[in-house]
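Below is one structure, written out as structure tokens; the observations come after it.
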Amino acid sequence: MEHGPSGGSTAMRRRSGVRGGTRMEWLEHDILCIIFSFLDVFDLVRCTAVCKSWNAVIRKSELLQVLYFKLRRDSGESTSSVQRKSMEFGLQEVAMKYHRLCLQRGRIDIHQWKAHSVGVDQCRMKMGLLLTGVGDKVMRLWSLDSYKCEEEYYIPDTAFLVDFDFDESKIVGLLGSRVGIWTRNGKRSIFPSREGTFSKGLCVRYIDPDAVIGCEDGTARVFDMYSRTCSRIIKMHAGPVTCLALSDDELILSGSSLGSVSISDLASDQRVARLRPTDSAGIRTLCFNPCSHLVFAGTTVGYTYCWDLRTMKSLWETRISSNVLYSLSHLRSDNSTLAVGGIDGVLRVLNQNTGEVLSRCFIDDERPISSTRNMHAFIEKKKGIRLPEDAEVDRIPRTCRPPITCLSVGMKKVVTAHNSKYIRMWKFKISFVIWVDLPSR
């Protein structure tokens, strides 16, 4: 939640300075406490990330402390060791452990809905919202709680959407050799780059105020979203830039079809390092974990790689498929699991620290499905199946494993796109009783 000069937080401060303002704040505090009392500890952790006021109420709540300490005792940890840890850190630790075990061993329910009229192959998930597109002339923003389409963002008839990214206030789209900006109220502005400086764009990532475009000529173009100009041109590779990731400390990480990962400083335009896999296959997808400083990459021949950005050294590599890997992702605060999808249609969960494949999942498309219709969408419900370690992927019917062209990870969930009309949400769940008895791996 942003707190601008004229935002709600300023109004709250002004109210608190007048007679009765303190009483109003306490009233809101009490109401929130009543509402939060109906939630479990994992939902409360998610609520702490909504805004500063919710975070403050939850962290000071005696109810949350009771739930937290009970949870640690139920998992076998002594009261003295619980008290030595800060509750804030402990809650995150508990939530991440639960998330990891759900992805690794939990029951899988898959909800799918028709998101577009033609096939789409990209999805991005942030702040409980899902943005889908690339394939038709519209991007759609969905609520993951209600499956309601909150907003639609239309592409100009003369343009083709290649890639997109978004934050709380705007959506940035790559439209061939142009950049499009949509504010979250649906208004659009498009600006071209300076003549001769923008070859074909292949991918885009955005971190306010910069949008970085990976181009076919091996460069990364940095656009300032406020001045609407190309501020920098950085040579990253000798071949096309196929994928990008941005770090919080202004590093650009890019993968190339020639098979290397290049890292440059956004501020100085200087290349910091080049990471080379042992095989010569092209890099198709990558992501960066800001908590552990690990870089992950997937190749066109099914290899997954991991490097430590602090030492620039390779930690592990593993071939998890014989085909191209299109997408890999993890929850921002998770240092343990990595979700990977590709052309073979199997959703894999890997150990971030070792590369071990913890689970392989696919859709049970042969059993009858159930369906429900809420006020926003028609939802088809299916089951997910975990593949035994010794089972061969090729023996699974193709209808049960459509290619995963893109995926995005949320708390206990993974959303996938398949270059079809449908978007699928994989919901992982493990019962509390089983969870507290399971050892962490």
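These numbers come from a predicted model, not from an experiment. Count residues from 1 along the sequence.
Listed by chain and residue number, D165, F166 satisfy the side-chain contact (heavy atoms from CB on, under 4.5 Å) test with K126 (two or more places apart in sequence, or in another chain).
Note that CD1 of I213 and SG of C230 are 9.0 Å apart. Values are rounded to the nearest 0.5 Å. Note that the CG atom of N353 and the OG atom of S336 stand 7.5 Å from one another [nearest 0.5 Å]. C215 SG to I233 CD1: the interatomic distance, rounded to the nearest 0.5 Å, is 8.5 Å. Taking CG of L253 as the reference point, atom CE of M236 lies at 7.5 Å (rounded to 0.5 Å). Atom OG1 of T337 and atom CG of L350 lie 9.5 Å apart (nearest 0.5 Å). With rounding to the nearest 0.5 angstrom, the CD atom of E152 is 8.5 Å from the NE2 atom of H116.
Between R332 and D248 a salt bridge is recorded (basic side-chain N to carboxylate O distance below 4.0 Å).
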Open item on the list: Run the salt bridge (Lys or Arg N to Asp or Glu O under 4.0 Å) test on R401 and D344 for me, step by step, so that the C-alpha distance in whole Å, both residues' side-chain angles and the decisive distance to 0.1 Å come before the verdict.
Closed with: CA-CA 7 Å; R401 48 184 186 93; D344 67 7; 5.7 Å; no

Task: Full working for side-chain hydrogen bond (donor to acceptor under 3.5 Å, both in side chains) between S189 and R228 - done: CA-CA 10 Å; S189 64; R228 302 190 180 186; 3.3 Å; yes

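Results of the salt bridge (Lys or Arg N to Asp or Glu O under 4.0 Å) test with D109 over K383, R424, K381, K412 single out K383 as the only residue that passes.
Side-chain contact of D208 with Y226: a donor-acceptor pair under 3.5 Å is present, judged by distance alone. Under the 3.5 Å distance criterion, with hydrogens and angles disregarded, a donor-acceptor pair is assigned to the side chains of H237 and S254. Looking only at atom types and distance, the side chain of Q352 has no donor-acceptor partner in the side chain of N335 under 3.5 Å away. A donor and an acceptor atom, one from each side chain of D145 and S143, are nowhere located under 3.5 Å apart. Side chains of R386 and S359: a donor-acceptor N/O pair is present below 3.5 angstrom, by distance only. Between the side chains of R348 and S321, not a single donor N or O lies within less than 3.5 Å of an accepting N or O.
Taking the six-membered ring where tryptophan is involved, the planes of Y147 and H111 are tilted, since the angle between them lies from 30° to 60°. Taking the six-membered ring for Trp and thresholds of 30 and 60 degrees, W182 and Y153 have ring planes more than 60 degrees apart, a perpendicular arrangement.
A cation-pi arrangement is absent between R107 and F428, since the terminal nitrogen or guanidinium carbon is not both under 6.0 Å from the aromatic centre and inside a 45° cone about the axis.
A donor-acceptor pair under 3.5 Å is formed between the side chain of S256 and the backbone N or O of L258.
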